[in-house]
Amino acid sequence: MEKVSNPERPQDRVALNHSSPIVATWPMALITKHILHGFATTGCYRKAAGPRTFVAPPVGEDNSDLDDSDRDPDYVVEEDLIPTASGSATRIQPEEMPEEDEDEDDEEEDKAPPRKKARQTGTPRVWKKEYISHPPLPEYHHPVPEFLQQPHEFFMRMLPIELLEDMVYQTNLYAHQKDVSTTFSIDIHDLMVFTGIVLYMGVMRGPSIDDYWALDTRMPQITEYMSSKQFRQIRALLHFNNNENAKSSTDRFYKVWPLFSGITKQFLQVKATPTQSIDEVMVGYKGTMAGNLRQYIANKPDKFGYKLFCRASIDGFIHDIVMYQGATTFSSHPVDLCEDEDQQLISSKLVLVLAKTIQDLKNSTIYADNYFTSIQLVEFLRDKYQCRYVGTARPNRIGNPPLMSKKEMEKKSTPRGTLDYVSCNGVLAMCWKDNKQVTILSSDAGVEPLSTAKRWNKDTRKKVEIQCLAVIKEYNGKMGGIDKSDMLTHLYKTPMKSRRWYIRLYGYIIDLCTSNAWVLYKRDAIALLEKPMPLKDFRLKISTFARIYKNRPARMLRNTHEPFVLPRKGQRTSRPSDNLRYDYSKFHCPEFVNQRMTCKFCSTKDDIHRSRWICNVCKVALCLNNDRNCFQDFHAGPSSSSASTSASHAASPTSVTFSETPASTP
């Protein structure tokens, strides 16, 4: 391609083609402008000594497909230009392209990426100024138990022993994965003592963990059951799932999945009330080890932490949990969604996942806030599951009903208590003015009966009564199940700070199991017409049970027991009471003495056996040799004690073995 005459002069440079080597001589401003507006589709203009002239598009060219942003008068479509002797350029009119076949256009359209189809709205809604009325739901009657169980029995229903045994196995496995030659190992008794200690720490909060074992601030309720070293070792190695299988799992909460799955199965076995509320829960965590699993919600007690979506009864018992983890939130939950459910909004799918685990969905009402509510969700639950729904809603999710606009509602001339409502096929859409506009969708409660609510008036500086709807009263009274559970778990919070991001979730599970157990205990106590104990006393009783679970007293008691006084010749020793004999919270340990005494278990008037071994608690002599093990049989309990040989007692699953050397004091 020929160059323009006198190319050294910048004003005579003409862009012939973007692939020409003359492009290298363009000014930088011109190159930048071409890049911003699309180099392949826009033309070039030519600077000359005289007035600036622009090359127009070809005559007859259709520019209807171009946007307004593409029709810039300072740019032209790039054409084939022929230089002339005077340095100007003339344009060759492009030949008309032959029309393409319609079949080729169809093929190109088929190859284009498919667009997301718009949501099918179905038949248009016809809103009418009508009330809605539904028959009331059946009342919840808690079954009356035969007797009131102990606090630890309710707790073990929420956190079963099988789950604790799995935690013991995974903790020992994790310790050996970190260090093959480690001597660390725990059993179910150690884990129960550890659980009892952290439960006690939640009630008696200390500035730091060291203060519980410090000389000036030590607490015997903790220090006498576990050493500081052992407590720190268990907390550092506590584990819930095998790390070797983590890479093959898409669940981002893989490390704590068995724990949440196990407690959720126990929660779902408890009968739910007809009124269920759905809301998010924040498990406080400010560390950076969890990545984007850590979320932020401004109006929660713990603003930073893990986001869980929960379903709870009206009294604060949480039944089901969905752990938010981004794209894998629903795939990690055991409940599957059908094709129609999967097309719903993400917030609506959360409600459907939690609602499908309700045992009697037809006789239930779900309450939720404006994050979850939409007109499509209310209609879907009503049509497919016959489930009722009440929730606050955002104005752009209610299906455009003919209600007062937000601008009209927020005018100062509009008094508080003003309401407007319409209904369509049993679904009520209403707006009500309180401090601000409140929009609600309901397929359960309606407008009537009207009532009043007291609000503070700034002008009169008094509380005044304003008009209030029945659905507002129902929502305010039955939406607080999740908030009540949050309050209970934050009253006595388990201190579980750690660099490992999932340990904080274990602390929340301990608190949640305790609060759920207390709610269930409260139901039984009220059914038996008894006054329930406070949550603090309930938690302390669980802690006491867990700390003495190891069948041994505190270390202080072991070192300060009264010495055994040998009886004089001819003096008989008395048999201990059954309460002392079968009290496994005390450390029944054999103690050697020089004087031989009569065995209080196997000796008879005609057949007397003597032994130098005594029980340091019962203060009686018992045989302990290769032929007889009266020490074990004497403490085995009424259910397993018999006149059979000691071998039969050793084979009994209910017997307790004391013949082994007791564990050393930690």
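Since the model is a prediction, treat every value here as computed from it, not as a measurement.
- Between the CG atom in Leu381 and the CG atom in Leu377 there is a gap of 4.5 Å [rounded to 0.5 Å].
- For Tyr285, the ring-ring contact (aromatic ring centres under 6.0 Å, His included) partners two or more places apart in sequence, or in a different chain, are Tyr306.
- Only one option out of Ile278, Val335, Ile321, Ile366 pairs with Leu354 in a side chain to side chain contact (heavy atoms under 4.5 Å, CB included); it is Ile278.
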Can I get a per-line list of side-chain donor-acceptor pairs under 3.5 Å for residues 142-160, giving both atom names and the distance, sequence neighbours left out?
residue : atom : partner : partner atom : Å
His142  : ND1  : Tyr140  : OH           : 3.0
His142  : NE2  : Asp524  : OD1          : 2.5
Glu153  : OE1  : Gln150  : N            : 2.7

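- The side-chain contact (heavy atoms from CB on, under 4.5 Å) check on Ile314 picks up Thr273, Lys478, with sequence neighbours excluded.
- Within the model, atoms CD1 of Ile186 and OG1 of Thr171 stand 4.5 Å from one another, a figure rounded to the nearest 0.5 Å.
- For residues 338-367, the pairs satisfying salt bridge (charged side-chain N to carboxylate O under 4.0 Å, His left out) are Glu341-Lys356, Glu341-Lys384, Asp342-Lys349, with sequence neighbours left out.
- Counting only residues at least two apart or on different chains, the salt bridge (charged side-chain N to carboxylate O under 4.0 Å, His left out) pairs with a member in residues 313-336 are Asp315-Arg523.
- Listed by chain and residue number, nothing satisfies the salt bridge (charged side-chain N to carboxylate O under 4.0 Å, His left out) test with Asp369 (two or more places apart in sequence, or in another chain).
- Atom OG of Ser515 sits about 12.0 Å away from atom NZ of Lys484, to the nearest 0.5 Å.
- A salt bridge does not link Lys433 with Asp420: none of the charged nitrogens is closer than 4.0 Å to a carboxylate oxygen.
- Under the side-chain hydrogen bond (donor to acceptor under 3.5 Å, both in side chains) criterion, Arg311 pairs with Gln276, Thr357, sequence neighbours left out.
- Counting only residues at least two apart or in different chains, salt bridge (charged side-chain N to carboxylate O under 4.0 Å, His left out) contacts with residues 508-521 comprise Asp511-Arg539.
- A tilted orientation is assigned to the rings of Tyr475 and Tyr367, their planes being inclined by 30° to 60°.
- Remark: Phe304 engages Tyr296 in a ring-ring contact (aromatic ring centres under 6.0 Å, His included) (not counting sequence neighbours).
- With sequence neighbours left out, Tyr200 forms a ring-ring contact (aromatic ring centres under 6.0 Å, His included) with no residue at all.
- Residue pairs meeting the salt bridge (charged side-chain N to carboxylate O under 4.0 Å, His left out) criterion with at least one partner in residues 240-264, sequence neighbours excluded, do not occur; the list is empty.
- Checked by atom type and distance alone, the side chain of Asp302 never pairs as donor or acceptor with a backbone atom of Gly305 at under 3.5 Å.
- In this structure, Tyr502 has its ring center at least 6.0 angstrom away from the ring center of Tyr506.
- Applying the ring pair (Phe, Tyr, Trp, His ring centres under 6.0 Å) test between Phe194 and each of Tyr549, Tyr225, Phe231 identifies Phe231 as the sole match.
- The ring-ring contact (aromatic ring centres under 6.0 Å, His included) search around Tyr174 returns His239, not counting sequence neighbours.
- Counting heavy atoms from C-beta outward, Ser313 and His319 have side chains that approach closer than 4.5 Å.
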